[in-house]
Asks: 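For reference, the structure I am asking about is given below.
Values in this document were obtained by computation on a predicted structure and should not be read as measured data.
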Amino acid sequence: MPIATFHTIGCTPRQRRRLLEEGSVVYADVLGSPIERVRVYVTDHEPDSVAVGGRVVADGAPAAPSFTAVVLEGRPAEQRARLLAELTGLAADVLEVDPALVRGHVVQVSGEDWGIGGTPAAQVRAAEIRQRTDGA
């Protein structure tokens, strides 16, 4: 379920790779999720298609990246705060920007409204729990 999307401005291929790889590790670590379930995307924007504070980046506004992290409902506030902090730190480090310029958003989705292989996540999770219980 864990999905993160970084929105960058003028990202280099090396920076993109770092966000993808290191973002996956951070996400898996913070959520305690198998890394195989993590999806990370980078969407890069041209400097003339982004405005920060009403000014276009191509005209001198600072490149100010953002990210969205999607999690299933029920994650503790402390975990969501850590996810915001660590993904912000990663973006700031990789993209060489002031962390104060980075904006992040955690979106909580109900298990009934998120699909895994076409099946609601709530059903998939319930089946996994039953399998662990039956196998124990």
Asks: As an exercise, state the distance from CZ of R18 to OG1 of T12, rounded to the nearest 0.5 Å.
Replies: 9.5 Å

Asks: Taking the side chain as every heavy atom from C-beta outward, state whether V71 and V106 have any atom pair closer than 4.5 Å.
Replies: yes

Asks: Same cluster or not: are V94 and I9 linked, directly or through other Ile, Leu, Val, Met, Phe, Trp or Tyr residues, by side-chain heavy atoms under 4.5 angstrom apart?
Replies: no

Asks: Grab the two heavy atoms, one from G74 and one from Q108, that are nearest each other, plus how far apart they are.
Replies: N-OE1, 3.6 Å

Asks: Quick one: closest heavy-atom pair of G23 and V40, and the distance?
Replies: C-CG2, 4.0 Å

Asks: What about V102 and L84, same hydrophobic cluster or not, with Ile/Leu/Val/Met/Phe/Trp/Tyr joined at side-chain heavy-atom distances under 4.5 Å?
Replies: yes

Asks: At their closest point, which heavy atom of G60 faces which heavy atom of R55, and how far apart are they?
Replies: C-NH2, 3.1 Å

Asks: For C11, does its backbone N or O pair with a side-chain atom of R14 as donor and acceptor, under 3.5 Å?
Replies: no

Asks: Is there a path of hydrophobic side-chain contacts, each under 4.5 Å between heavy atoms, that joins V25 and L90?
Replies: no

Asks: Might you point out which heavy atoms bring L101 and P62 nearest each other, and give the distance in Å?
Replies: CD1-CB, 3.9 Å

Asks: Does the side chain of L20 reach to within under 4.5 Å of the side chain of F6, using non-hydrogen atoms?
Replies: no

Asks: Keeping D48 on the side-chain end and A58 on the backbone end, is there a donor-acceptor pair under 3.5 Å?
Replies: no

Asks: For the atom pair CZ (R103) and OG1 (T68), what is the distance rounded to the nearest 0.5 Å?
Replies: 13.5 Å

Asks: Can you name the nearest heavy-atom pair linking A91 to L19, along with the distance?
Replies: CA-CD2, 4.1 Å

Asks: Less than 4.5 Å apart, side chain to side chain, heavy atoms only: is that true for V42 and Q15?
Replies: no

Asks: Treating Ile, Leu, Val, Met, Phe, Trp and Tyr as nodes and any side-chain heavy-atom pair under 4.5 angstrom as an edge, say whether L95 and V50 lie in one connected cluster.
Replies: no

Asks: Start with the C-alpha distance between Y27 and I35, add both sets of side-chain angles, then the distance that settles side-chain contact (heavy atoms from CB on, under 4.5 Å), and finish with yes or no.
Replies: CA-CA 8 Å; Y27 216 148; I35 198 162; over 6 Å; no

Asks: Before you tell me yes or no, could you show the steps for D29 and R82 under side-chain contact (heavy atoms from CB on, under 4.5 Å), namely the whole-Å CA-CA distance, both residues' side-chain angles and the distance that decides it to 0.1 Å?
Replies: CA-CA 10 Å; D29 180 56; R82 183 176 165 213; 2.7 Å; yes

Asks: Any chance you could measure D93, atom CG, to T88, atom OG1, to the nearest 0.5 Å?
Replies: 12.5 Å

Asks: Carefully, step by step, assess T8 and R16 under the rule side-chain contact (heavy atoms from CB on, under 4.5 Å).
Replies: CA-CA 9 Å; T8 62; R16 183 178 303 110; over 6 Å; no

Asks: Quick check: closest heavy atoms across A92 and D98, and the distance to 0.1 Å?
Replies: CB-C, 4.5 Å

Asks: Roughly how far, to the nearest 0.5 Å, is CD of E22 from CZ of R17?
Replies: 11.5 Å

